[in-house]
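Reckoned from all heavy atoms, side chains included, excluding hydrogens, waters and symmetry mates. Below, chain A is the first sequence line, B the second, and so on; all start at residue 1.
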Amino acid sequence: MSLAQLELDLEVFSGPFDLLLTLVLREEVDLLEVELADVVVAYLDHLEARGELDLEAVTEFLVLIAALLELKSRLMLPREDEELVDLEPQEAAEELLQRMLEAQRYRGAACHLHERLAAEEGVRYRSAPLPPELRRGDAPEVPAGAYHPARLSRSLGGLLRLPPRLDLRHLAVPRVSVAERLSHLRALLRRGGASFDEAVRGADRVTVAVTLFALLELHKQGEATWEQEGPFGDIAIMPVAAAPPPRAVAS
Amino acid sequence: MSGVDELERVLEALLFLSPDPVAVPELAEAAEVEVGEVEAALAALEERCAPGARGLVVRRVAGGVTLATDPVAEPAARRLLARPRTTPLTPAQAETLAIVAYLQPVSRPEITRIRGVSAESASTTLLERGLVEEAGRSQFGAVLLRTTPLFLRLFGLESLESLPDVGAWDPSPEDEAQLRDRLLRAGEARAGLGADSAMPAPDG
Amino acid sequence: MSGVDELERVLEALLFLSPDPVAVPELAEAAEVEVGEVEAALAALEERCAPGARGLVVRRVAGGVTLATDPVAEPAARRLLARPRTTPLTPAQAETLAIVAYLQPVSRPEITRIRGVSAESASTTLLERGLVEEAGRSQFGAVLLRTTPLFLRLFGLESLESLPDVGAWDPSPEDEAQLRDRLLRAGEARAGLGADSAMPAPDG
């Protein structure tokens, strides 16, 4: 299904998806007011009604909805973890802008090619073998030594070269392991327990997540248990069969 | 070779036989005449094959001259040859082809970066259909792609230079400025919000 | 179909497209007209293509009708099309041919692994041009390829033993088994690079 056919009926907008995109980019519709989840649901309904899955179209939808989500999250999220954002907001916006402009440029070019091909509809070229008397490439006519053998060794030599290793320094490599966080938690447990906030004080998001894995592991092993008084409250971690420590003040 | 008439006949025969478009100098060499004479004879042939005059038309594509059928015969050709002419391109294929056409030689990872989504299946199809081909390797060993003469022929292009400037599809400066403003404001709004402020309900 | 004129144009286009002679009833069916109308239009076409009038003539052969070139073009056609031509090898063809030459017999999947990218169209072209040929099947059922005598002649080689030493391009000349291993390793590294994953594998 072409995305252009996806008709939406949302609170703030009703019409084709393509138009919604255009209006959002022109700021005629406030993205913050668009329930993207409803767009997804509408799309899923369409897919179901159609009963077949066009992977190209689905991919296109995923890309567009992801771009909208990225844009919307930029609009609504207070602030991301400093460590995960190495671009200044302005740089990030500029990069996003350049990417959107570039993609738009080639989408335009793609439409042009579509039209060109359609305009050529009905023009056919002949494809027929040459009459026998004109067929070329008969062995006796081919000159010996037309190609240089060095071309072969050069090609093979080129294939032997290992490509240079990719420079991955710009990627954040997780340096924290479950084993390391396990021993950290066990040290805290030996002192009678701790709150989760204490266990991850000053840590980055990845470390927080790995610490949670370690905690689950300790629970599975029967070494630790925990208590959380309410949603989003701090988690008190304690050794199994030990009394909970005084609850830490939630930050 | 005596007289333009005979040259015109010879050229028509050469174009009929040749499986690919033939460059004018090649025609001149084969007919043993000057390039200027070939051009004059081609002009006469083009006139006699003007749209509506015959079943064939003269086309200048892929850096050469070739004969093709007039679209008037398309329905009958479809019935006789029992095969459709060309399958239309999917949007993904058209986008990939556009990127190759304008940026060639270009590698698949580069295409992926521009599209923001994998170009694997689209470029494989384009390779299979003979619209693009390999053109050596990048310094990192990734295969580079370029368009083929068949691409030029199927799209009725004389050369890659006949493609319009890709800048033609840039958004207007106003649209771009608006988009930039918008993104910058979003960035500022985010930077201005403290960590303690409540998070809006995640309705996204 | 309206009027003989358009039918004549359609018939010319159909004959142009068909590599083989077409029987009159087939033409009638494709054009959706009566056989008699086709005969009339063909007669008009034949008259317009009378010897000396154009570069093409209508021929009735083998129970059908076909277009052919006027003999006036024969010498020029020979100069244009029949001269022995050795199209330059594309990079993909040269790579594929080198792999076959040095490692033969070798299967297509193995060539693909060494190149890090499919060799399908390159090896098809090499087969068509007679530079490589099939040489049985591997134990896994894949067709094996080897070079032909034409290959030796085109490269001016007395035998496969006279293939140039790869040492010039590779500082450590090794025996064939090692050469194969190292080619495969490099090919896999390249395949990783060419893949469309947005993020390279950490050991890439």
Side-chain angles (χ1 to χ4, degrees), chain B residues 1 5-6 8-19 22 26-27 29-32 45 48 52-56 67-70 72-81 107-109 111-113 116-120 123-124 127-128 130 133-138 140-144, chain C residues 1 5-18 22 26-27 29-32 45 48 52-57 67-81 83 90-93 95 115-118 120-122 186-187 189-191 193-198 200:
Chain B
M1 197 64 57
D5 261 331
E6 185 176 321
E8 196 186 318
R9 288 165 57 208
V10 168
L11 292 181
E12 184 179 14
L14 292 182
L15 296 182
F16 175 81
L17 289 173
S18 196
V22 197
E26 274 188 87
L27 289 172
E29 204 179 304
E32 297 187 324
L45 183 62
R48 281 210 296 147
R54 283 182 44 188
L56 306 180
L67 288 177
T69 57
D70 187 298
V72 72
E74 177 59 14
R78 228 179 256 262
R79 285 187 289 268
L80 180 70
L81 305 172
S107 70
R108 290 191 198 197
I111 300 170
T112 298
R113 191 191 64 74
V117 55
S118 167
E120 196 56 43
S123 45
T124 304
L127 277 162
E128 278 166 8
E133 65 185 3
E134 291 183 27
R137 292 177 184 272
S138 76
F140 302 111
V143 167
L144 297 169
Chain C
M1 199 60 59
D5 259 334
E6 186 175 318
L7 179 57
E8 196 186 319
R9 288 166 60 207
V10 169
L11 291 181
E12 183 180 14
L14 293 182
L15 295 179
F16 170 79
L17 290 175
S18 302
V22 196
E26 271 188 89
L27 290 172
E29 201 178 308
E32 295 187 328
L45 184 64
R48 282 210 296 145
R54 283 181 43 187
L56 305 179
V57 292
L67 283 180
T69 53
D70 186 296
V72 73
E74 174 81 17
R78 225 168 247 291
R79 281 188 292 270
L80 180 69
L81 300 165
R83 71 190 137 142
T90 66
Q93 289 160 3
E95 276 181 21
R115 297 195 58 224
V117 62
S118 166
E120 217 46 46
S121 100
R190 266 191 305 274
L193 263 176
D196 273 329
S197 56

Who pairs with C/A122 by side-chain contact (heavy atoms from CB on, under 4.5 Å), at least two apart in sequence or on another chain?
->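 C/A122 satisfies side-chain contact (heavy atoms from CB on, under 4.5 Å) with C/A92, C/Q93, C/T96 only.
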For chain C, the option from [options] that forms the most heavy-atom pairs under 4.5 Å:
{"options": "B/A53, B/A73, B/G55", "value": "B/G55"}
{"options": "B/A135, B/G52, B/P75, B/G136", "value": "B/G52"}
{"options": "B/L15, B/L67, B/L11, B/V22", "value": "B/L67"}

Report yes if the side chains of B/R79 and C/E29 come closer than 4.5 Å at any heavy-atom pair, otherwise no.
->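 In short, these two side chains do not touch, never coming nearer than 4.5 Å.
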Any idea which heavy atoms bring [X] and [Y] closest together, and the distance?
{"X": "B/P19", "Y": "C/L81", "answer": "CD-CD2, 4.4 Å"}
{"X": "C/A77", "Y": "B/L17", "answer": "CB-CD1, 3.7 Å"}
{"X": "C/A13", "Y": "B/L56", "answer": "CA-CD2, 4.2 Å"}
{"X": "B/L80", "Y": "C/A30", "answer": "CB-CB, 3.8 Å"}
{"X": "B/R137", "Y": "C/R115", "answer": "NH2-O, 2.7 Å"}

Let me know if B/S107 has heavy atoms under 4.5 Å from chain C in its side chain, its backbone, both or neither.
->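 When you check distances to chain C, no heavy atom of B/S107 falls under 4.5 Å.
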Quick one: what part of B/R48 sits under 4.5 Å from any heavy atom of chain C, side chain, backbone, both or neither?
->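 Only the side chain of B/R48 comes within 4.5 Å of chain C.
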Test salt bridge (Lys or Arg N to Asp or Glu O under 4.0 Å) applied to B/R54 and C/E12, C/E8, C/E6, the passing residue =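 Among the candidates, only C/E12 passes.
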Considering only heavy atoms, which portion of C/V72 lies under 4.5 Å from any heavy atom of chain B: side chain, backbone, both, or neither?
->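 Looking at C/V72, backbone and side chain both touch chain B.
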